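Right, one structure below, let's go through it.
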Amino acid sequence: VYIWKQICKMINHWIEKGWKPYPVSLNVSPVHFRNRTIIKEITDVVKEYNTPLEYLELEITESVILDDMEYAISTIEELHKLGFRIAMDDFGSGYSSLNLLNKLSIDVLKIDKEFLNDASNSDKGKVVIRDIIAMAKDLDMQVVCEGVEKHEEVEFLQATDCDKIQGYYYAKPMSIIEFEKKYL
């Protein structure tokens with residue numbers, strides 16, 4: 001909850017300065033997600049700081065979803081109805097189930113970097129990543145590919161119509177001060 005509060009404070013600070021905030025993705029830990037009070041906790045923080053939901057995105061890993069599918073489906077659906085954008089993080093890193101994509105209210109599919117590694121090494125890997133992107137788009141999801149480090153990977157993903165590309169190719173982790181100087 002501490003991190004959620006800090007992010008809400010940061011977004012509000014950007015708004016007060018007249019800067020248009022970038023949406024911030026919040027990783028929801030397995031412990032927090034399994035907590036049956038997560039919906040109340042996160043909505044209380046957002047209400048406390050009056051943070052516009054358009055600047056928040058909740059990232060939930062597929063492994064957490066698979067732990068208790070019924071609970072995950074209902075919790076994600078409720079968060080989605082409240083206005084939160086939901087991202088499935090690290091898709092493909094564990095026991096991927098394409099069936100999950102059909103059952104969950106997911107706005108963003110974040111493709112695990114292992115798929116990109118496979119695509120860099122084989123034509124079959126490229127086919128898999130292209131098909132995942134096409135399928136996600138057909139399901140009205142935005143697609144982010146994680147772990148991008150090379151120019152060739154960027155070119156390939158741009159050619160596949162990937163919405164966002166995330167990785168060291170663009171930037172390494174940085175402090176808020178560095179981020180504000182560079183991007184705001």
Side-chain angles (χ1 to χ4, degrees), residues 1-30 32-33 38-39 41-62 64-65 75-93 101 104-113 115-116 129 132-133 136-137 139-151 153-184:
V1 175
Y2 172 79
I3 295 296
W4 298 346
K5 287 182 177 188
Q6 295 306 308
I7 288 172
C8 287
K9 283 182 191 178
M10 180 185 65
I11 289 169
N12 290 344
H13 170 74
W14 291 344
I15 292 169
E16 288 168 11
K17 286 207 161 248
W19 298 335
K20 182 169 176 18
Y22 287 90
V24 177
S25 295
L26 299 162
N27 287 308
V28 179
S29 76
H32 274 115
F33 190 78
I38 184 173
I39 294 169
E41 287 178 6
I42 199 157
T43 53
D44 285 352
V45 169
V46 169
K47 285 177 187 172
E48 178 182 349
Y49 292 95
N50 198 27
T51 305
L53 292 181
E54 67 194 85
Y55 301 121
L56 295 173
E57 179 177 278
L58 304 178
E59 288 188 9
I60 302 166
T61 61
E62 68 173 319
V64 170
I65 295 166
T75 301
I76 289 170
E77 184 67 30
E78 189 166 343
L79 288 166
H80 199 259
K81 283 179 184 175
L82 290 169
F84 288 96
R85 285 180 47 84
I86 308 292
M88 182 185 292
D89 194 21
D90 298 332
F91 179 76
S93 64
L101 300 180
L104 296 169
S105 297
I106 300 290
D107 301 293
V108 179
L109 186 69
K110 296 189 75 177
I111 300 173
D112 188 72
K113 67 181 180 174
F115 279 111
L116 188 59
I129 224 170
I132 290 171
I133 291 169
K137 297 256 183 193
L139 293 170
D140 201 28
M141 294 178 194
Q142 189 177 59
V143 182
V144 177
C145 194
E146 301 176 309
V148 178
E149 296 182 4
K150 301 175 194 159
H151 181 70
E153 295 168 336
V154 171
E155 287 179 330
F156 167 70
L157 291 167
Q158 287 173 336
T160 63
D161 201 26
C162 185
D163 296 301
K164 293 184 181 175
I165 300 170
Q166 176 183 327
Y168 285 179
Y169 180 80
Y170 291 106
K172 291 187 166 58
M174 64 184 77
S175 71
I176 292 297
I177 294 167
E178 291 174 287
F179 177 81
E180 288 178 352
K181 284 180 184 174
K182 189 171 183 174
Y183 296 105
L184 297 175

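Because the structure is a prediction, the values reported are computed rather than measured.
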Is the backbone of D112 close enough, under 3.5 Å, to the side chain of D90 for a donor and an acceptor to pair up by distance?
-> no
Looking at side-chain heavy atoms only, is the closest gap between K9 and Q6 below 4.5 Å?
-> yes
Heavy-atom distance under 4.5 Å between the side chains of F84 and V46, does that happen here?
-> yes
Taking all heavy atoms of [X] and all of [Y], pick out the closest pair and write down the distance.
X    : Y    : value
D163 : Q142 : OD2-CA, 3.3 Å
V154 : V148 : CG2-CG1, 3.6 Å
G147 : L116 : O-CD2, 4.0 Å

Report the C-alpha distance between K113 and E146 in whole Å, list the side-chain angles of each, state the deciding distance to 0.1 Å, and finish with yes or no for salt bridge (Lys or Arg N to Asp or Glu O under 4.0 Å).
-> CA-CA 5 Å; K113 67 181 180 174; E146 301 176 309; over 6 Å; no
Mind checking whether Y22 and F179 have ring centres under 6.0 Å apart?
-> yes
Can a donor-acceptor pair be found between the side chains of E78 and T75 at a distance below 3.5 Å?
-> no
side-chain hydrogen bond (donor to acceptor under 3.5 Å, both in side chains) evaluation trace for W14 with E180 = CA-CA 9 Å; W14 291 344; E180 288 178 352; 2.7 Å; yes
Would you mind checking if D161 and K137 are paired as a salt bridge, meaning a charged N to carboxylate O distance below 4.0 Å?
-> yes
Neighbour count >12 (heavy atoms, 6.0 Å) for atom OH, Y2 = no
